[in-house]
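Okay, structure first, notes after.
Remember, it's a predicted structure, so these values are computed and weren't measured experimentally.
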Protein chains: 2
Amino acid sequence: MNLVRTSLRTILDEPRPEALERWFGDITDPHERGEELAGLDQERAGRLAHLIGPAATAGLVESVDRHTAADFLGRLPLATAVGVLGLIRTDRAAAILREMPSPLVVEVLARMGRDRAAPLRTVLAHPPTTAGAHMTPVFIALPAETPAGEAIERVRESAADGAVAFTLYVTGDGGELLGVVAFRSLVLAPAAAPVAELMRTRVVTVAADADREEAARLLNAHDHAALPVVDDGRIIGVITADSVAEIVEEEATEDAERQGGSAPLDVPYLHASPMKLWRKRILWLLVLFAAEAYTGTVLRHFEEELEAAIALAFFIPLLIGTGGNTGTQITTTLVRAMATGEVALRDMGRVVRKEMGTGMLISMAMAGAAMIRAWMLGVGPQVTLVVVLSVAAIVLWSALVSSILPLVLRRVGIDPAVVSAPFIATLVDGTGLIIYFEIAKLVLW
Amino acid sequence: MNLVRTSLRTILDEPRPEALERWFGDITDPHERGEELAGLDQERAGRLAHLIGPAATAGLVESVDRHTAADFLGRLPLATAVGVLGLIRTDRAAAILREMPSPLVVEVLARMGRDRAAPLRTVLAHPPTTAGAHMTPVFIALPAETPAGEAIERVRESAADGAVAFTLYVTGDGGELLGVVAFRSLVLAPAAAPVAELMRTRVVTVAADADREEAARLLNAHDHAALPVVDDGRIIGVITADSVAEIVEEEATEDAERQGGSAPLDVPYLHASPMKLWRKRILWLLVLFAAEAYTGTVLRHFEEELEAAIALAFFIPLLIGTGGNTGTQITTTLVRAMATGEVALRDMGRVVRKEMGTGMLISMAMAGAAMIRAWMLGVGPQVTLVVVLSVAAIVLWSALVSSILPLVLRRVGIDPAVVSAPFIATLVDGTGLIIYFEIAKLVLW
């Protein structure tokens, strides 16, 4: 970061083309760009778009996150915004429109040519987490008898339109997908060969209403360029590799937020107000508080034991903390493996066996550590024995619960990402205390 | 999943082409494919590759994760494996080779033609988390004076080679990158126009030794097809959009594992043995145990107070648990925002203000909840007051620590993802207890 560089705002107050040019060259980081765009008022935003023209404005808008892009376009004169959106690839333009207030979206679509508005409406009609919402409905569909030479011409034309497509789709009369042809096969074939002879018929497709993660997974695994999106057997769009990176990134962010014990933010962190953050966080905090309150009941139940051996209290945070940590390690790894599709319900047995094996090894190591710690606190051999046995039991208990719970939730249709670190810690806290005091009762009395 | 479907193993024992064909059509999920491939012994693996031929084997290998792919190729006869690897795009082939034992890699490279081995060696020479490790070193470089017509011919030839590249790079005598030309501009230009007149000279590039996340971020933001990788100003490869999805996914997995308080696994979860899981987890568990042990010291220090008012003990897990939960919500959101590049060091002030604002709102709500809970346990007005004040103070303290710590760690060069849920819970446990008992001393005595 160059500390003496000029901000876009300042450049626009006394516009010099070289300074603007230099800004574009210097500021390549998308977030820095976004911050600077967000800092422009209506007048300066309009001036910028006017100075650099619609094509460069479209490039700029595409290089920042869609929330910032939507805000920025909202500050441009309507006609300018419509012009810029017309130059952005359909799937990206739709993603930006989704972040705009709906009255503005209606106005923008009304102002656009029908050619452009229709595909945008198609994409916007699909809910945001489905495959259909991330497709571009612009692709080359050819009848089976099209000669290769003509198909190449179609690619050239599409290239001239700015929407290059190097995978072509062969469709039947009703729009049903018959096969795909790679540009490469067209180039190598005689010009007169019909595409039906060149196409691959074993095509991996995704349903328009499938989860977008499903689309990402399939595209990652099977094809390097695009995945056809079908509705009732008919191809209605394609999802490209760069959309996949975005889907993967957003899903990972949502899961990370859930795993931290909060509802997904839906907006970039810096765009979220304290009030919004509060709303996303407070529900889980209160639920966890209510669940954790159970520990108070457990402790009051064992009040006599606690008064008789106050040294037992010293180990409460350590024991339940260790249980929570062991469980958190397992659930985060497992929830992630389930999110990437690696672990499925069918693997339940393998997962539990693996985790119980690991749990044994871990409980031995932690029992050793607990013995050292009890000896250091000088609590006597009996309390030491209680602590050592408890830590071993709590670690195993936590491993069992943590390896089963995410799979069980998936089974009943709940996103396993809700098994957050705070969730598992809370669950193990109460039950861990019961284990601790029951062992104490057995050993001490 | 079709329960009566035939496994690949069974099909291979009595190979019928239709059954194999059906298997490829039915099993499209990459993980299911991987499981089935992993279940083939040396003989069956060889038989499969022989039956479907090198091209289909290459497609199959590309559709599973690279660990499974490496294992599978390792079970094929060397000549077959070499042939298959020769048909896989360089960046993917390199990723697979990285997972093979090095003596085998040496053998494989030695058996390959020099044309093919040399680019693989180039990629393998870069450490796995750098941009260079994810590039494909195959791209079209043209001298500035090349006419457009000739450039189009080069694209056609590359298409015939199987490595289609629709972005072309214009380089100087020393290989330095002068600009990029899109296929589209070539198509639209007169055939005699030199590429130097058609190229864009403002090119976003990434250094070969830059972090791969940096490459993913730049490619996501600036170009939809490929990002040139440079070394000392010379272009040495390109990173394509589909590599980005993979980088984003792997980084998200690593961060998730770190956030769960464990070291990244480096292999898919189901490939990890209990011993390996133990090794990745035990270090953090012991460190956290040692840190958490401090809570015992704190509690022993306040032993008298605890004996005088045993009711204080009832609230220990609840108070420190709530502190941990509040902190975890903040650090996970923040660490993720830092991983995607949204939040940087320069945002420290904004982050802390935002989180302190949110913390105020949350501490009020939690104080209310604590009051209800204390009243339910019937501990009297004085302990209630202590609990209410403590929860408010602990929530604010946790918010402060959690919002500053990830940024401070980044500042000193430590990956903020190590601020896991267990880490922040442990940190808040000890300090939270001090806050609790100091408030208790003030109010009760």
Side-chain angles (χ1 to χ4, degrees), chain A residues 28 30-31 63 156 159-160 184 187-188 204 220-222 224 241-242 244-245 248-249 252-253 256-257 260-262 268-269 274 277-278 281-282 288-289 292-293 295-296 299-300 307 310 313-314 317-318 321 325 328-329 332-333 336-337 341-342 354 357-358 361 365 369 373 377 421-422 429, chain B residues 28 30-31 63 156 159-160 184 187-188 204 220-222 224 241-242 244-245 248-249 252-253 256-257 260-262 268-269 274 277-278 281-282 288-289 292-293 295-296 299-300 307 310 313-314 317-318 321 325 328-329 332-333 336-337 341-342 354 357-358 361 365 369 373 377 421-422 429:
Chain A
T28 55
H31 295 289
S63 75
R156 274 173 178 270
R184 159 175 30 156
V187 173
L188 294 174
V204 176
N220 252 348
H222 290 280
H224 304 156
D242 56 305
V244 170
V248 167
E249 180 141 324
T253 299
E257 284 162 354
S262 139
Y269 174 73
L277 288 173
W278 183 82
R281 292 173 181 173
I282 194 67
L288 292 167
F289 187 90
E292 182 84 41
T295 56
L299 287 170
R300 198 177 50 178
E307 280 186 323
I310 196 79
F314 302 166
L318 184 58
N325 294 348
T328 300
Q329 288 186 330
T332 38
T333 305
R336 181 68 195 152
E342 192 207 335
K354 193 191 282 286
T358 311
L361 295 171
R373 177 60 186 156
L377 274 178
D429 280 358
Chain B
T28 55
H31 295 289
S63 75
R156 276 174 176 268
R184 161 174 31 156
V187 173
L188 294 173
V204 176
N220 252 347
H222 290 281
H224 304 155
D242 56 305
V244 169
V248 167
E249 181 143 323
T253 299
E257 283 162 354
S262 139
Y269 174 73
L277 288 173
W278 184 83
R281 292 173 180 172
I282 194 66
L288 292 167
F289 187 90
E292 182 84 40
T295 55
L299 287 170
R300 198 176 52 175
E307 282 185 321
I310 195 80
F314 303 165
L318 184 58
N325 294 348
T328 300
Q329 289 186 329
T332 38
T333 305
R336 181 70 194 150
E342 193 208 333
K354 193 191 284 285
T358 312
L361 295 171
R373 176 61 186 155
L377 274 178
D429 280 357

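Minimum heavy-atom separation, B/Gly261 to A/Gln329: O-NE2, 2.6 Å. A/Pro422 and B/Asn325 make their closest contact through CB-OD1, 3.1 Å (heavy atoms, listed as atom of the first residue, atom of the second, distance). When every heavy atom of B/Leu299 is checked against every heavy atom of A/Pro317, the shortest pair comes out as CD1-CD, 3.7 Å. Nearest approach of B/Pro274 to A/Gly357, heavy atoms of both residues: CB-C, 4.1 Å. Across every non-hydrogen atom of B/Arg373 and A/Ala293, the tightest pair is NH2-O, 2.7 Å. The two residues A/Thr332 and B/Ala256 come nearest to each other via the heavy atoms CB-O, 3.9 Å.
Separating the CZ atom in A/Arg336 from the OH atom in B/Tyr269 is a distance of 15.0 Å, to the nearest 0.5 Å.
The greatest number of non-hydrogen atom pairs below 4.5 Å with chain B, out of A/Ala421, A/Ser63, A/Ala365, A/Pro30, is found for A/Ser63. Of the residues considered (B/Asp429, B/Leu377, B/Leu288), B/Leu377 shows the highest number of contacts with chain A, using heavy-atom pairs under 4.5 Å. For the options B/Gly321, B/Ala313, B/Ala369, heavy-atom pairs under 4.5 Å to chain A are most numerous at B/Ala369. Residue with the most contacts toward chain B among A/Glu257, A/Glu342, A/Lys354: A/Glu342 (heavy-atom pairs, distance under 4.5 Å). Comparing A/Ile282, A/Leu277, A/Thr253 by heavy-atom pairs within less than 4.5 Å of chain B, the highest count is held by A/Thr253.
Using a 4.5 Å cut-off between heavy atoms, A/Ala337 contacts chain B through its side chain alone, with no backbone atom that close. Only the side chain of A/Val204 comes within contact range of chain B, with heavy atoms under 4.5 Å apart. Only the side chain of A/Ile310 comes within contact range of chain B, judged by heavy atoms closer than 4.5 Å. At a 4.5 Å heavy-atom cutoff, the contact between B/Arg281 and chain A is made by backbone and side-chain atoms alike. Both the backbone and the side chain of A/Arg300 come within less than 4.5 Å of a heavy atom of chain B.
Applying the side-chain hydrogen bond (donor to acceptor under 3.5 Å, both in side chains) criterion to A/Thr295, with sequence neighbours excluded, gives no partner residue.
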